Each structure stands twice: as structure tokens, then as C-alpha cells.
Amino acid sequence: SLALLLTACTTEAPDYQGIWKNTLENPQLENSLVIAKNGDNYFITNTLKDKATGKTEKKNPVPASVGKSGLLEVNAGAGVVDFAIDEKTGNLVGSGSIYKKAK
């Protein structure tokens, strides 16, 4: 019964799904992450839009999962990149960037 009590106390992970726009201003490109739920896991698609032509390039979706710490863990090939939602701002923070959820 102790094991049941311990598993019942785990914190609920935030819902990462949605479109997250990079807050870094780039005069040529608009960068956003599209995070879609896939069962208990997620797929992340990095999207680059050329501001001059309007052409959008979507990178192949990358699988991600929520770790025990509640962070969204993305296997970036060279290692795992963690993303978290900042409780104060609601922004998605990770890989050296800050993303604001699109409305």
C-alpha cells in the first residue's frame, strides 16, 4: 500500500501541446514549434517561415516524452534537450530559446 501512496503523489506534468513561437526576433525567419500529443508522448515539429516569401519549411517531427521531473525531454540526436514551462510567464523554455504560446 505504500507504493500506491507514493505513486498517487506524483505531480501532474503540464500540457505542452500547441504552437509555440520563438520570442527571438529574426528579420528573415519566423520560428515556431508545433507540439502535438501522441498518446502519453508528444511529437515536436520545428517550423521555419520565410517572412519575405511566406514559404514555410517544416522539419521532420521529433518524438518527445515527459520525464519523471515533469520536463519535456527531446532526443536531439547528440543528447537529450529539456523543455519546461515557466510558471511565472507561461513561456516554453529550452535549447537556449524562449517560446510564447500562440493564441
Side-chain angles (χ1 to χ4, degrees):
S1 63
L2 181 59
L4 278 175
L5 288 174
L6 291 175
T7 56
C9 293
T10 57
T11 57
E12 184 83 15
D15 184 10
Y16 291 98
Q17 65 185 338
I19 298 172
W20 299 86
K21 293 189 178 270
N22 195 328
T23 59
L24 180 68
E25 282 298 318
N26 182 321
Q28 285 122 5
L29 293 174
E30 183 179 291
N31 171 234
S32 57
L33 298 176
V34 178
I35 303 178
K37 195 99 167 122
N38 181 33
D40 289 337
N41 297 311
Y42 294 89
F43 276 121
I44 299 178
T45 305
N46 191 11
T47 305
L48 298 172
K49 181 178 179 183
D50 186 312
K51 290 181 178 179
T53 64
K55 184 178 179 229
T56 301
E57 178 187 348
K58 293 181 180 182
K59 306 285 184 190
N60 287 339
V62 178
S65 60
V66 177
K68 290 183 175 133
S69 62
L71 298 177
L72 186 64
E73 299 175 348
V74 182
N75 188 338
V80 175
V81 177
D82 291 331
F83 286 89
I85 295 177
D86 184 324
E87 291 179 10
K88 291 180 183 172
T89 64
N91 292 338
L92 183 70
V93 180
S95 73
S97 297
I98 299 171
Y99 297 87
K100 188 178 223 53
K101 195 161 196 178
K103 293 183 172 45

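Position 1 is the first residue of the sequence; numbering continues from there. Everything quoted here is computed from the prediction, not taken from an experiment.
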>> Do V62 and L72 sit in one hydrophobic cluster, given that two such residues count as connected whenever their side-chain heavy atoms are within less than 4.5 Å of each other, even indirectly?
In response: yes
> So, for P14 and G70, which heavy atoms are closest and what is the spacing to 0.1 Å?
Replying inline: CD-O, 3.9 Å
>> Test of understanding: with side-chain contact (heavy atoms from CB on, under 4.5 Å), list the residues that count as partners of S95, not counting sequence neighbours.
In response: V81, F83, S97, Y99
> When clusters are formed by joining ILVMFWY residues with side-chain heavy atoms under 4.5 Å apart, either directly or through shared neighbours, do L92 and V66 land in the same one?
Replying inline: yes
> Who passes side-chain contact (heavy atoms from CB on, under 4.5 Å) against N75, sequence neighbours left out?
Replying inline: none
Pairs under 3.5 angstrom only: tabulate donor-acceptor contacts from the side chains of residues 29-44 to other protein residues two or more places apart or in another chain.
unit_1 : atom_1 : unit_2 : atom_2 : d
E30    : OE2    : K21    : NZ     : 2.9
N31    : OD1    : N22    : ND2    : 3.0
N31    : ND2    : N46    : OD1    : 2.6
N31    : ND2    : T47    : O      : 3.4
Y42    : OH     : D15    : OD1    : 3.4
Y42    : OH     : Y16    : N      : 3.4

> When you measure from the side chain of K100 to the backbone N and O of G90, does any donor-acceptor pair fall under 3.5 Å?
Replying inline: no
> Between I98 and W20, is a side chain to side chain contact (heavy atoms under 4.5 Å, CB included) present by the stated rule, with each step listed?
Replying inline: CA-CA 9 Å; I98 299 171; W20 299 86; over 6 Å; no
>> Checking K59 now: which residues fulfil side-chain hydrogen bond (donor to acceptor under 3.5 Å, both in side chains) with it, not counting sequence neighbours?
In response: E57
>> List the residues meeting salt bridge (charged side-chain N to carboxylate O under 4.0 Å, His left out) with E87, not counting sequence neighbours, and say none if there are none.
In response: none
>> Could you check whether atom CG of L48 has more than 12 heavy atoms from other residues, nucleotides or ligands sitting under 6.0 Å from it?
In response: yes
